[in-house]
Participant: 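Please read through the structure below; I'll follow up with questions.
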Amino acid sequence: MTTIEHWIGGAFTRGASTRTGSVFNPATGEAQKQVLLAEESDVDAAVSAAAKAFETWGDSSLSQRSKVMFRLRELLVEHEDEMAKLISSEHGKVVEDARGEIIRGREVVEYACGIADVLKGSYSDQVSRGVDVFNFRQPLGVCAGITPFNFPIMVPMWMHPIAIATGNTFILKPSERDPSVSNLIAELYAEAGLPDGVFNVVHGDKTAVDAILDHPDIAAVSFVGSTPIAKYVHEKASATGKRVQALGGAKNHAIVLPDADLEFAANHLTAAAFGSAGQRCMAISVGVAVGDAGDALVEVLKRKAEEVKVGPGDDPASEMGPVVTAAAKDRVTGAVAKGEAQGAQVIVDGRDLTVPGHEGGFFVGPSLLDHVTVDMDAYQEEIFGPVLSVARAADIDEAIALINANPYGNGTAIFTSSGAAARRFQREVKVGMIGVNVPIPVPMSYYSFGGWKDSLIGDSPIHGPEGVRFYTRAKTVTTRWPEVKQSVDAAFHFPTSS
């Protein structure tokens, strides 16, 4: 069985790792590889390699950094098929969905290609007589990223291209559930001309995470995952003086007004709820049907959910693959059962789905629950699976109040043909990322990604301008050059003779 090793200092290594974890094929339920689980000394080795590389990379030219990013971008295009199939085989998502996350990650690399423009400082002439002021930004040093399983290439790319392009070195601790694509990215960086030690990959579990959070020579940590772990990361890393980006969980709502095109809304809600088997922090998990939209919307959603083609990720006919682990499958089916027991109407039940030829896979079908109320577990918990709950609201006031009362504030959407309603919604809702007739409002790479409330711990969104700010610190210089009178006459004799 293939063993996935760490990438430290420009080469694969087993390091001091003696423990391994299984990497499954979710479509079959079989272990296909094993991944090394790092010890604290492996993190130390990666930090040492990154710190040594920073001595020169931190002073590298903007031109050199841009050239690496431009070349990496080309290689990501060349290897897109290979990466998409690799992601699908370990995560379970369909190949086209994996291709989509590669493209969104590549957009951050494209933003990093223009780092020379982004890092331009400002200059104020003659702030006082003979005094000028200017500022510029410099890298922090060794940075680290701890990333989740659901986007094994995109989420890390929210971090390391910006960190590296701004002059830092980087250690990635990807999810041990689908780790292979991170090693491929390391190889592509090397092919793109990135010096050894600038980008490192350390695989592992909580041992590796804690070693990163505690290490005194890591200047900043970026994290994406559940809210409880985001709070843990923020507290533990902050205690050692690190900068911290900590993005947590979500319970994203989409409200549908009676004036919306219900076919359009249902199409997009179905894709947003069941795409990637619902394993997205920006997935829509609650549809809020307003007023007369209720029964008609549920009728269309039922038809759309039943039409979703579930199968292995490498089958071009599949629209939705399995969830990532057997435990995830049990969690999803348990959530549907609990919702039913608490009074929700199960309109579409995906618990007993079987995919012929893949009976051992971690498959669960789309589930649609209606008349879900805020006191139900199906509403309160982040299920992170293909379950769409429909709540009812009498009017837009009640719908906005419902969203604002929720502890999460990652993403939300409104479906309507009313510009007035949309404008009111986007101003009054207490959520960080908002879509108007767009169900998953993930910003482009030149904007920053980050929610509100329990979806963002601290105040550091990721990528875009906020990412540049996070991975750099500003210097402001005030200068005065007083006139010094001196001879300017030229002499033809040897200077030591005068």
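Bear in mind that the values here come from a model prediction, so they are computed numbers and not experimental data. All residue numbers in this chain count up from 1 along the given sequence.
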Participant: Could you report the tightest heavy-atom contact between V308 and M320, atom names first, then the distance?
Facilitator: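 Scanning both residues, the minimum pair turns out to be CG1-CB, 4.0 Å.
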Participant: With rounding to the nearest 0.5 angstrom, report the CD to CD1 distance, E90 to I4.
Facilitator: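 Rounded to the nearest 0.5 Å, the CD-CD1 separation comes to 5.0 Å.
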Participant: What heavy-atom pair brings C113 and S66 nearest, and what distance separates the two atoms?
Facilitator: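 Distance-wise, the nearest heavy atoms are O-OG, 3.4 Å.
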Participant: Would one find more than 12 heavy atoms of other residues, nucleotides or ligands at under 6.0 Å from atom CZ of F264?
Facilitator: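 Yes, CZ of F264 has more than 12 neighbouring heavy atoms, counting only those of other groups under 6.0 Å.
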Participant: Any chance you could measure L213, atom CG, to H234, atom NE2, to the nearest 0.5 Å?
Facilitator: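 Separation between the atoms: 11.5 Å.
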Participant: Tell me whether Y447 at atom OH has more than 12 heavy atoms from other residues, nucleotides or ligands lying less than 6.0 Å away.
Facilitator: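 Result for OH/Y447: open.
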Participant: Are P443 and S448 close enough that some pair of their side-chain heavy atoms sits under 4.5 Å apart?
Facilitator: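 Answer no - side chains too far apart.
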Participant: How are the rings of F170 and F199 set relative to one another: parallel (under 30°), tilted (30 to 60°) or perpendicular (over 60°)?
Facilitator: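 F170 and F199: parallel rings.
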Participant: Looking at every heavy atom in both V310 and G321, which two are closest together, and how far apart are they?
Facilitator: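 Here V310 and G321 meet closest at CG1-O, 4.4 Å.
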Participant: Is the closest side-chain heavy-atom distance between M376 and K338 below 4.5 Å?
Facilitator: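 M376 vs K338: side chains apart.
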Participant: Is it the case that the side chain of H203 and the backbone of E5 share a donor-acceptor pair, with hydrogens and angles ignored and the cut-off at 3.5 Å?
Facilitator: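 Checking the backbone N and O of E5 against the side chain of H203, a donor-acceptor pair under 3.5 Å is found.
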Participant: Starting at CZ of F415, measure out to CG of N437 and round the result to the nearest 0.5 Å.
Facilitator: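 These two atoms lie 6.0 Å from each other.
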Participant: Does R106 come within less than 4.0 Å of E78, counting only side-chain N to carboxylate O?
Facilitator: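 Judged by the 4.0 Å cut-off on N to carboxylate O distance, R106 and E78 do not form a salt bridge.
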Participant: Would you compute the distance between atom CD1 of I457 and atom CD1 of I229 and round it to the nearest 0.5 angstrom?
Facilitator: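 Atom-to-atom, I457:CD1 and I229:CD1 are 11.5 Å apart.
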Participant: What closest approach, in Å, do G249 and Y408 show between heavy atoms, and which atom pair accounts for it?
Facilitator: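 Answer, listing the atom of G249 first, then Y408: O-CD2, 3.4 Å.
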Participant: Looking at E40, I'd like to know if its CD atom is crowded, meaning that more than 12 non-hydrogen atoms belonging to other residues, nucleotides or ligands lie closer than 6.0 Å.
Facilitator: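 Not more than 12 within 6.0 Å, no.
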Participant: How far apart are the closest heavy atoms of A112 and P161, and which atoms are they?
Facilitator: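 Nearest pair, atom of A112 first, then P161: CB-O, 3.8 Å.
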Participant: Charged N to carboxylate O below 4.0 Å: is that the case for E96 and K93?
Facilitator: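 The answer is no: the pair does not qualify as a salt bridge.
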Participant: Are the side chains of I434 and P441 in contact, using a 4.5 Å heavy-atom criterion?
Facilitator: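 The answer is no; the side chains never approach within 4.5 Å.
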Participant: Counting N and O atoms only, with roles assigned by atom type, does the side chain of E176 sit under 3.5 Å from a partner on the main chain of G21, one being a donor and the other an acceptor?
Facilitator: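 Such a contact is absent between E176 side chain and G21 backbone.
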Participant: Do R65 side-chain atoms and A165 backbone N/O form a donor-acceptor pair below 3.5 Å?
Facilitator: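 Pair found, side chain donor or acceptor close to backbone of A165.
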Participant: Treating K453 as the side-chain partner and N406 as the backbone partner, does any N or O pair qualify as donor plus acceptor under 3.5 Å?
Facilitator: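 Indeed, once roles are kept as given, a pair shorter than 3.5 Å links the two residues.
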Participant: Under the criterion side-chain contact (heavy atoms from CB on, under 4.5 Å), which of L37, N183, N200, L36 is the partner of H6?
Facilitator: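 The side-chain contact (heavy atoms from CB on, under 4.5 Å) with H6 is passed solely by L36 among L37, N183, N200, L36.
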Participant: Do any N or O atoms from the side chain of T227 and from the backbone of G248 form a donor-acceptor pair under 3.5 angstrom?
Facilitator: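 Pair absent, no side-chain N/O of T227 close to backbone of G248.
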Participant: Salt bridge between D314 and K85, side-chain N to carboxylate O under 4.0 Å?
Facilitator: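 Salt bridge flag = no for K85 with D314.
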Participant: Please test Q245 against S222 for side chain to side chain donor-acceptor pair (under 3.5 Å), starting from the C-alpha separation and ending with a verdict.
Facilitator: CA-CA 5 Å; Q245 284 175 327; S222 301; 2.6 Å; yes
Participant: Exactly one of S88, S276, S318 should register a side-chain contact (heavy atoms from CB on, under 4.5 Å) with D97. Which one does?
Facilitator: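 Per the side-chain contact (heavy atoms from CB on, under 4.5 Å) rule, the option paired with D97 is S276, out of S88, S276, S318.
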Participant: Rounded to the nearest 0.5 Å, what separates atom CZ in R104 from atom NE2 in H463?
Facilitator: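 Spacing of CZ (R104) from NE2 (H463) equals 7.0 Å.
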Participant: Identify the two heavy atoms, one from C281 and one from N252, that lie closest to each other, and give their separation to 0.1 Å.
Facilitator: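 For C281 and N252, the tightest heavy-atom pair comes out as O-ND2, 2.9 Å.
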Participant: Between the main-chain N or O of L86 and the side-chain N or O of S89, is there a donor-acceptor pair closer than 3.5 Å?
Facilitator: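 Yes, the answer is positive, given that a donor and an acceptor are paired below the 3.5 Å cut-off.
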Participant: Please check if atom CD in E235 has more than 12 non-hydrogen atoms from other residues, nucleotides or ligands closer than 6.0 Å.
Facilitator: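 Not buried by this count: 12 neighbours or fewer within 6.0 Å.
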Participant: Can you classify the ring geometry of F362 versus F24 as parallel (below 30°), tilted (30 to 60°) or perpendicular (above 60°)?
Facilitator: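 F362 vs F24 ring planes: perpendicular.
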Participant: Evaluate side chain to side chain contact (heavy atoms under 4.5 Å, CB included) for R331 paired with F384, printing each intermediate quantity in order.
Facilitator: CA-CA 9 Å; R331 185 184 66 248; F384 222 64; 3.7 Å; yes
Participant: Could D42 and R14 be called an ion pair, given the rule that one side-chain N must be under 4.0 Å from one carboxylate O?
Facilitator: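 No, no charged N to carboxylate O under 4.0 Å.
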Participant: Any chance NZ of K52 has more than 12 other-residue heavy atoms, nucleotides or ligands included, within less than 6.0 Å?
Facilitator: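 No, NZ of K52 has 12 or fewer neighbouring heavy atoms, counting only those of other groups under 6.0 Å.
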Participant: Could you check whether any side-chain N or O of W57 sits under 3.5 Å from a backbone N or O of I164, counting only pairs where one atom can act as donor and the other as acceptor?
Facilitator: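 Indeed, once roles are kept as given, a pair shorter than 3.5 Å links the two residues.
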Participant: Is there a donor-acceptor pair closer than 3.5 Å between any side-chain N or O of R177 and the backbone N or O of F149?
Facilitator: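 Here the side-chain-to-backbone pair does not exist.
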Participant: Between H160 and Y471, does a ring-ring contact (aromatic ring centres under 6.0 Å, His included) hold up when you go through it step by step?
Facilitator: CA-CA 10 Å; H160 57 73; Y471 288 119; over 10 Å; no
Participant: Spell out, as yes or no, whether a donor-acceptor pair under 3.5 Å connects the side chain of K231 to the backbone of D454.
Facilitator: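 No, because the side chain of K231 does not come within donor-acceptor range (under 3.5 Å) of the backbone of D454.
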Participant: Between R137 and T166, does the side chain to side chain contact (heavy atoms under 4.5 Å, CB included) criterion hold? Intermediate values first, please.
Facilitator: CA-CA 9 Å; R137 304 192 72 87; T166 52; over 6 Å; no
Participant: Any non-hydrogen side-chain atom of I87 less than 4.5 Å from a side-chain atom of D178?
Facilitator: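 The answer is no, as the side chains (C-beta and beyond) never meet within the 4.5 Å cut-off.
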Participant: Passes side chain to side chain contact (heavy atoms under 4.5 Å, CB included), I162 versus V468? Steps please.
Facilitator: CA-CA 6 Å; I162 304 297; V468 172; 4.0 Å; yes
Participant: Examine distances only and state if a side-chain atom of N25 and a backbone atom of Q32 form a donor-acceptor pair shorter than 3.5 Å.
Facilitator: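 No.
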Participant: With a 4.0 Å cut-off, would you call D315 and K309 a salt bridge?
Facilitator: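 No, D315 and K309 are not salt-bridged.
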Participant: Would you compute the distance between atom CG of L388 and atom OG of S367 and round it to the nearest 0.5 angstrom?
Facilitator: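 With rounding to 0.5 Å, CG (L388) is 10.0 Å from OG (S367).
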